[in-house]
Amino acid sequence: MNKKEFEDRIEQTIENAATHFEERIESAVDKAEKRIEAAAENFNKSVDCVAEKKMVKIFIYFLNISIAIGLIVGGFVLLHYEHMVWANICFIIAALDITWRIVEAIIFREKGNNGKSKKD
């Protein structure tokens, strides 16, 4: 074996090792990606399941209403200290939130099995 053949063998061995290493890295990345996607899907399913429960919906609804009430109270406090612009911003945001809650209740009310609303 001469020097040229030896260098060629070393170069081929290095290329083989690099190829093998790249394959292992790609395999590990693929496995990690699949696991992350599965975990994200499970998380989404559990969040959707919790969000569908009636008590959670009621809690979120009252939390939103309490935030709107807090904005109105904050607006009056700011109005008292003569911060007119910020008071108006608080009032407008609260009015938009309450208006959205009313529109949401009218448009997106839950339907029963026969297509009528639950109140019908």
* When you check the side-chain N and O atoms of Gln12 and Asp8, is any donor under 3.5 Å from an acceptor? -> no

Under 4.5 Å between side-chain heavy atoms, hopping through other hydrophobics if needed: is there a path connecting Leu96 to Phe108?
no

Expected list for residues 58-83: side-chain donor-acceptor pairs under 3.5 angstrom, two or more places apart:
| unit_1 | atom_1 | unit_2 | atom_2 | d |
| --- | --- | --- | --- | --- |
| Asn64 | ND2 | Ile60 | O | 3.2 |
| Ser66 | OG | Phe62 | O | 3.2 |
| Ser66 | OG | Leu63 | O | 2.7 |

Is a side-chain donor or acceptor of Asp97 paired with a backbone partner of Ile93 at a separation under 3.5 angstrom? no

Donor-acceptor pairs under 3.5 Å, side chain of residues 20-43 to any protein atom, not counting sequence neighbours: which ones?
| unit_1 | atom_1 | unit_2 | atom_2 | d |
| --- | --- | --- | --- | --- |
| Asn42 | ND2 | Ala38 | O | 3.4 |

**Q.** Side chain proximity check, Glu5 to Asn2, heavy atoms < 4.5 angstrom
**A.** yes

Quiz prompt | More than 12 heavy atoms from other groups under 6.0 Å of CZ on Arg101 | solution = yes

